[in-house]
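Have a look at the structure below before the remarks.
Start at 1 and go down the list; that is how both ligands and their atoms are numbered.
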Amino acid sequence: TVYTLSCYVRSADPGRAWIGGSERWRIRFHFKPTGNKWMRIVGTFKTNPTERNFHLMILTESPTSGIWIDDVQLEEGDKVTAFQMPIKLKSGDVRIVVERAHVNPNLVPNSSFEEVHGNRPHHWMWDRRNTDATMTVDETIARSGKRSIKLTNGTPFGAHVYGWFGLVGSIPVKPNTAYTVSCYVRTEGAGIAWIGGGKRWRIRAMFPRVTTGGRWVRVWKSFVTEPDEKTFALMIVTESPTKGIWIDDVKFEEGDRPTPYVPDFEKPHPSLELELPPPKSVEHRGILFMPIWKPERYPIHEHVFAGEQVWLEGLLYLPERLGRAQLRVLIERTDTGEVVKRAMHEYDFDAGAYDVEIGWGCADADLARYRIRAWLEPVASKEGANVTATGQRKNILASAQLEFYLYSRRTVLAQIEKVRRMLAQLDDAIAKLQRRGEDTSYPQVTASIVRDFIGYALEDVNYGEVGRAWDAGVVMERLLRDELVQIENVLKGKA
Ligand SMILES: [Ca+2]
């Protein structure tokens, strides 16, 4: 894939210095003297077939009196575009971004299982093999269209024991090329099951082992075809017991990430989907990781450790040109029903798919469960014309909503502050114990752990590790409370 790297440089005598990186630092774009002006350094390069990450660096290799560098940008394609600042929302701001979606073609026929021949979807095949597994076309549950497929399995996991559902024939692919396989899954626990296949069945996007909570969850996997791989056998395999897995909207596409699923059957309605993207990877103490903290206690679709801003991602699909319309957003608290924020974005919509992003600067939001609703409506001739006498909205073309608990920066800092106050109480209590000649070694250990934690937690908040800071705050509070109760008992002479 071709990428373009750019930055602005100002230096009268940069010496030997460059921006670049990659494997064995093979990409180097050298700085030139710019006098006292800012000049943009631009370079284009192509990644190797096996390259999945780019290690970016700026190196100075000989004397210079100083180099100023700003606005570093890495983008796909061979053209440099204006430098874009990452959007930072002020507390209370709501931003709606609507852009034409990039949608790669889907190489899977009948990918939503809408076309049924007898008791199986056209183009697909089911073989329960050595299991009691079942495959049915379910006409009561669908992510898009009217149908999905449902798999059940009662046979325990064992070597070469599985039920097989797959595409008849295989998908032609190009060697040494990135592809992505994806589908939507809904389950109360899928056991061991996956979508994938290919040579030696090496590609496996595992289905969730735990409940998806009545929601459709997209699973996907990207891979690069082998030098001699010209076809791909696509399949869904169940290897252990499950009461039910529903699958819909399968996609196999070129490229190293899944692009939106767009229905391929006739005349779908306008549709809007919203989802909470998984937390963005953060770099902390030199390690890159995805900050999901204790998912069993804080399921990621229910608890959002947003810190300063939360972004919802969505897809709007319009089968026909719509013209000017408004995408409206309402944020409300589910406990009090209070409307926290409204926002609107007017846009000239053609037929096709649009990426929708909704950002909320929530640094000061209370800890609460929030509902974010978004809907599309035609531009009203006058204010309120789209609302009926009973307050119901009419002419809503598509809508979606999400609910979650939100932990803002303020929420987490307040928890840390609470811990700090309790620590001061503990210090006082320890002093009292010491005056009475009691042993204070245990409470002192607790106090010292908590003192360290406060520093780490503040650092976590600043690095975007909001979930860990919150959870540690809750644990520290419990620890301090137990310790204070014990000391109180000692002081009262009970222990
Ligand atoms: Ca379907």
### Message
Can you check the angle at the Ca ion (ligand 1) formed by OD1 of Asp248 and O of Ser144? Round it to the nearest 10°.
### Response
120°

### Query
Near the Ca ion (ligand 1), is there an N/O/S atom from Asp249 that is less than 3.0 Å away?
no

### Task
May I ask you to check if any N/O/S atom from Phe113 comes under 3.0 Å of the Ca ion (ligand 1)?
no

### Check: Phe207 ring centre within less than 6.0 Å of Trp194 ring centre
no

### Query
Under the criterion ring-ring contact (aromatic ring centres under 6.0 Å, His included), which of Phe404, Trp470, Tyr370, Tyr298 is the partner of His303?
Tyr298

### Query
Under the criterion side chain to side chain donor-acceptor pair (under 3.5 Å), which of Thr238, Asn130, Asp132 is the partner of Thr155?
Asp132

### Message
Would you say the Ca ion (ligand 1) has Ser148 as a near neighbour, meaning an N/O/S atom of that residue under 3.0 Å away?
### Response
no

### Query
Is any side-chain N of the basic residue among Glu254 and Lys174 closer than 4.0 Å to the acidic one's carboxylate O?
yes

### Atom of Glu114 closest to the Ca ion (ligand 1), considering N, O or S atoms
OE2

### Task
Is it possible for you to check whether Arg143 lies under 6.0 Å from the centre of the six-membered ring of Tyr184, through NZ or CZ, and within 45° of that ring's axis?
yes

